[in-house]
Structure formats: structure tokens, C-alpha cells
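Comments concern the structure below.
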Amino acid sequence: MLAFLSFIGFTLLVAGFAYYKTRNKHLSDSTEGYFLGGRSLTGIYIGSSMLLMNLSTEHLVGLNGLAFRTGFIVMAWEVIAALTIVLFAIYFLPKYLKLGISTIPEYLERRFDKNMLLITSILFLAMYVISLLPIVLYTGAIALESLFQVSRVFQVDKTTALWIMVWGVGGLGAIYAIFGGIKAIAVADTINGVGLIVGGLMVTVFALLYVGDGSVWKGLTDVYQTHPEKFNSIGSEDSLVPFSTLFTGLLISNMFFWCTNQSIVQKSLGAKNLAEGQKGVMLCALFKLIIPTIIILPGIIAFHIFNGQIDNPDNAYPALVQLVLPKVLVGFFAAVVVGAVFSTFSGGLNSSVTLFTVNIYKPRISPNATEAQAVTAGKYLGIGLALATMLIAPLVANAPDGLFYLIQQLQGIFNAPILSVVLVGLMTKRVPPIAAKLGLLFGMSAYIICHFILNFNIHFFHLVGILFVLNIIFMLTIGYFFPAESYQEVYTKQVDITPWSMVKPAGYLITLIVVSMYVFLAKNVPAYVMALYYVFAASILGYVFYQIGRELFKHPVVASTSDKTGASEK
């Protein structure tokens, strides 16, 4: 009962605060207000919302499940993500805000043609329904079943309990997305983001206290000394995530997710200006470097506590939470888990509704519709997608390599083709619309045939990397022989695009932390590699401190009082 009361209390706090901050009704009456928060989001909202859109139960449950099986090599998804987030802040975001776009397909329409808008909007919608939203709901249901024993409370079997929770959580998440809009999601994400990090760290700390008989350091030492093979950042070629994939498909997958994925990018497109957007994006990158202590280390601790004896690795994290957290904190953490599900689920729904309303309904179905009518049509679509997702969610159970790994394989269908088209569009004006369309078709069909039908004996991340390069060469070749008509980027001046003065120093510092994590967690690092690392670290730190010094001592030139007086007299 105590756990349930703390769960209800924290959930109502988040909902009440989100309502208070978004009670200004006019934000829901226009497409820009509903989908981009009236372009008024500040850095803290953007950073929290991007993190929570990404971090959900497919990470808490799925990635901890992979860590239970393989160890720290799965940190590649999180740590390499920080590098691609830096790239997004410095290169992609300024271009997007300059163009004043609401969606990525909208950019592709301007760069290529109207059909690209329709094609890529449908692809994004398919990706969310197939590979994201059902898995988020299902992993959330798994976590809540373990925390609250819903099957025992309602005296039903576990399958029925999972259906109940999928519909309960999905219904509430749909309300957030459909009736609140992006601003409500961003505000709720800010509180849930803090709660998730605090709650996740609590699970790690309590688990280490459990192992170390009251000492966190002893617990960590015991786990490390008992399972040193789990604390290795470098995966062999036959591992789940080989180290070489960091430079092929895993990098491509992260670039797609953080630089072109509508559900993530949409958070920063609502920034009040470029500087606030870059601050929020860099804050998200910094959070990603802390996240392994929440979504990887607990999986290894669970392996230690349960001696690797859990029937399904995806159940490792919920079982650990139930074992080590005090009952009052179980309720708080359950509320945080539900908040994480809400964030990813409602964010994905909101992005789906945005894609449909802005890119399909307005231009193709009802060009004369008012802003309010377009928003209403989008809400109806959101209800339909939510219902479809809740029907599909329980059908993804028992993925052979874990749910998180399943998501990555399914998203391979979409990520390399879409990213290659966006990159080619940004970097060259020669490639014509037909090349982009053929590139999407080639990239998707080649991946499906090679991975799912022919089942090539190659890691799917390497396959993604190879097809990405081939796709770019394919489109550039068409552009060389059949160049497109001239395309001119237009600055819409919807927001100020003056960059944040510390964006590059922050990016370099985050890059240094990423490299440091890999160096110090790698086994048997050669001496010459360590020497090169120290030179690299010293160079980065020197540059960062130099730029900080410039900012601290930079003062505007102000005329003296006598000069002002003399000037006014003249």
C-alpha cells in the first residue's frame, strides 16, 4: 500500500505541474503551438525532453538485460550517442532552425520535392508503429508487473496482467500526447527526467549496498573482482556489439536517431533560439554519459546477485528493483518508470501526429482546413495509432536476443536510407529528387533482403554501414550524370540563430569524456595508445580552459560617462 501511495503521489505531481505550465489554451489551437510549443522551449526543457524521449523502459529493461548477458560492451549505444548529439548541436540544428522547419520530411520536401515529403512521413510513421511504440509499452508492462505484482493483485495470469498494464499505461500516455501537445510532454519530461536519474541512481546504490553489506565501494569491488570480464568496453568480433561496429553501423544508427529522427529532433525544433537549443542538446549529451550507471551497471549487479540464473534477461532489472529498494521507494520508482514510458510513448505519438497533420493531412487531404481543424484531425489519428500500438505491444514478447536488440535490428530498415538522403541533401545541391527516392528504395529493400531473407553471415551493424556508403555513392552517381536544378536555402528568421558561444568547447569536452571511458574500461591497453590519449586529453583541456577564460574576461566596450555627456551635447 505504501508503494502504491507513493506511486500515485508522484504521478499526480507530474500531471499537475504539466497542466499548470501549459494551461495557456492558445498553444493547442495552432499547429506550431501544439507541435513545437510555440517555439518557446528553453535549454533545460529541451535537454530533459530529448533524454526522456530516448530513455525509457526499453533501456531500463532491455539494455540492462543485454548487460546482464554481455557486460559493459553494450555501453556503445549510450556513449557513442553523446558524440552524435554533439554533431547534431554543431552542424544539423543550426541548419534546421535556419530553415524554420517543423519536421524532417518538410526539409526533404524543400530540398527535393513534394513526393519526398509524403514518402518519408509514411516511413517515419511505420518505424514508430513497428519498432518503437509497442516495445516501449511492453517493457513498461514487464517492469510494472515485477514492481507491483499486478497479476497477484487482480488474481489473473501474467499474460492478462501485461495486457491490463499495456492498455492502462498506453491510454494515459495517449492522453499526454493527444490533449497536451509537445509543451506538456516537455514540461512533464523535465520532472520525470530528474526522477528517472535520481531513481535510477538509487537502484544502483541500493544494489551495491546489498552486495557490499552496507558499503557501496565494497559492493562495486566485489562485483568487479567476481566478474572482471563484464567490465570491458571492447567487444570481440563474435560478441553482441563488436568494437569495429562503433565505426560502421552503430555510428550510422546513432546519427540517424539523434540527428534526423523526427521524435528526437522535434524537441529541439521548438527552441526559442539556436543558443538555447544548443545548450539543451549539450545537456542531453552530458546526461548520456551518466546513464550507463543506470541502464548498464545494474544489469551486471543483477548477474552477480542472481548468479546469472534468470530465465529471461529482460526480467533482470525489474527483479533487482523489487529486491533492493525499500517499499516506499518502489512506488516512487514505479512512477518514474511510468513517466519514462509516457515520455517515449507520448513523444512518439506526438511526432506521428505531427508528421500526419503537417505533411499529409494539410497538403494532401484537406488543404483548406483551419489550424484548429488540422490539430483535431491529428488528435483523431493519435487515438487510432495508440489503439493499434496497444494491440501490437504484447505480441513482441520473447525476442531471442532481447527487446533492445530487436529494436535496433528493426530500425536498420529505416535509419541508413533516411540518414543518407538527409546528409546528401544537406551537403550537395547536385543530387536530384529521383536519386533520393531510388536511394530510399534501394537502402530499405537491400537491408530487408540481406538481413531478414538471405540472412547474410555479417553483423547487422556492419551491413547497415556498408549499405549506407553504397547508398550515398549510388545517389551521388545519379547526381553527377543528371544534376538537379539549383536549390537555395532560405533563412526564415523565425528564431535567432546566433550560436551559443561555448558550444564547441562543450563538444570537445564531451568527446574527451567519451574517449576516456573507452580507454579506462578497455583491457590491456598498449602503452603507446595511453601516451597518445594523454596528449589528446591535454590538448582538449587546454583548448577548453582557454575558451572559458576568454568568456570570463570578455567585456563589452562601454563609453565613459563624460564621453556620453559630450556626445549628447554635440
Side-chain angles (χ1 to χ4, degrees), residues 54-55 58-85 200 204 207 220 223-255 257-258 285 288-308 310 312-314 316-317 320 399-409 411-412 415 457-465 510-511 513-526 529-530 533:
N54 167 239
L55 184 62
E58 82 273 15
H59 287 78
L60 288 173
V61 173
L63 204 52
N64 270 308
L66 286 183
F68 180 92
R69 294 175 56 200
T70 62
F72 251 96
I73 61 169
V74 297
M75 79 177 195
W77 274 290
E78 299 305 300
V79 176
I80 297 302
L83 295 182
T84 54
I85 296 171
T204 305
L220 183 60
V223 174
Y224 179 80
Q225 291 177 346
T226 308
H227 310 284
E229 74 283 357
K230 296 282 187 182
F231 291 83
N232 186 10
S233 60
I234 309 297
S236 62
E237 283 304 310
D238 60 350
S239 66
L240 201 64
V241 190
F243 182 67
S244 56
T245 61
L246 270 62
F247 309 99
T248 58
L250 194 141
L251 179 63
I252 301 304
S253 179
N254 270 308
M255 281 185 63
F257 189 85
W258 292 102
K288 292 295 284 183
L289 298 177
I290 303 171
I291 292 304
T293 60
I294 297 173
I295 62 175
I296 295 174
L297 183 56
I300 300 172
I301 300 171
F303 184 89
H304 176 82
I305 291 176
F306 301 117
N307 296 315
I310 285 185
N312 184 347
D314 288 327
Y317 187 73
L320 181 71
D401 291 314
L403 291 169
F404 188 83
Y405 202 69
L406 173 64
I407 294 175
Q408 304 305 314
Q409 293 184 75
Q411 290 191 349
N415 53 28
N457 186 23
I458 180 176
H459 195 284
F460 82 92
F461 271 143
H462 288 318
L463 180 62
V464 167
I510 288 168
T511 302
I513 297 172
V514 169
V515 174
S516 300
M517 291 176 71
Y518 265 94
V519 168
F520 288 109
L521 280 174
K523 303 296 184 185
N524 304 318
V525 179
V529 173
M530 290 302 299
Y533 163 75

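Please read all numbers here as calculations on a predicted model, not as lab measurements.
Val464 and Gly412 make their closest contact through CG2-CA, 4.3 Å (heavy atoms, listed as atom of the first residue, atom of the second, distance). Annotation for Gly465 and Ile252: closest pair CA-CG1, 4.4 Å, computed over non-hydrogen atoms. Of all the heavy atoms in Ala522 and Ser233, the pair that sits closest is N-OG, 3.3 Å.
With sequence neighbours excluded, the residues forming a side-chain contact (heavy atoms from CB on, under 4.5 Å) with Ile305 are Tyr210, Val211, Ile301, Leu320, Leu323, listed by chain and number. Taking the side-chain contact (heavy atoms from CB on, under 4.5 Å) definition, one finds that Ile458 meets it with Phe456, His462, Leu463, Ile466, sequence neighbours left out. Residues passing the ring pair (Phe, Tyr, Trp, His ring centres under 6.0 Å) test with Phe72, sequence neighbours excluded: Phe231. Every residue two or more places apart in sequence or in another chain that forms a side-chain contact (heavy atoms from CB on, under 4.5 Å) with Ala67 is listed here: Val74, Ile296, Ile300. Not counting sequence neighbours, the partners of Leu246 by the side-chain contact (heavy atoms from CB on, under 4.5 Å) test are Ala76, Ile80, Phe243, Tyr518. Under the rule for a ring pair (Phe, Tyr, Trp, His ring centres under 6.0 Å), the partners of Phe68 that lie at least two apart in sequence or sit in another chain are Phe303. Residues meeting the ring pair (Phe, Tyr, Trp, His ring centres under 6.0 Å) test with Phe520, sequence neighbours left out: Tyr533. With sequence neighbours excluded, no residue forms a side chain to side chain donor-acceptor pair (under 3.5 Å) with Thr511.
Inter-residue side-chain proximity for Lys523 and Ile234 is flagged as unmet; no heavy-atom pair is nearer than 4.5 Å. Between Leu60 and Ile294 there is a side-chain heavy-atom pair separated by less than 4.5 Å. Side-chain contact between Met517 and Pro292 is present, with heavy atoms from C-beta onward closer than 4.5 Å. Phe257 is not listed as a side-chain neighbour of Thr84, based on a closest heavy-atom distance of 4.5 Å or more. Counting only heavy atoms from C-beta outward, the side chains of Met75 and Leu521 approach each other to under 4.5 Å.
At least one donor-acceptor pair closer than 3.5 Å links the side chain of Lys230 to the backbone N or O of Arg69. Remark: side-chain polar atoms of Thr204 are paired, donor with acceptor, to backbone N or O of Thr293 under 3.5 angstrom. Distance alone, capped at 3.5 Å, is enough to place a donor-acceptor pair between the Thr70 side chain and the Leu66 backbone.
Across Leu289, Ile291, Val514, a single residue satisfies side-chain contact (heavy atoms from CB on, under 4.5 Å) together with Glu78, and that is Ile291.
The NE2 atom of His304 sits 11.0 Å away from atom CG of Leu220, with the distance rounded to the nearest 0.5 Å. Phe461 CZ to Thr248 OG1: the interatomic distance, rounded to the nearest 0.5 Å, is 8.0 Å. Separation of atoms CG (Leu250) and CH2 (Trp77) is listed at 6.5 Å; rounding is to 0.5 Å. We find the CG-OH distance between Leu63 and Tyr317 to be 11.5 Å, quoted to the nearest 0.5 Å.
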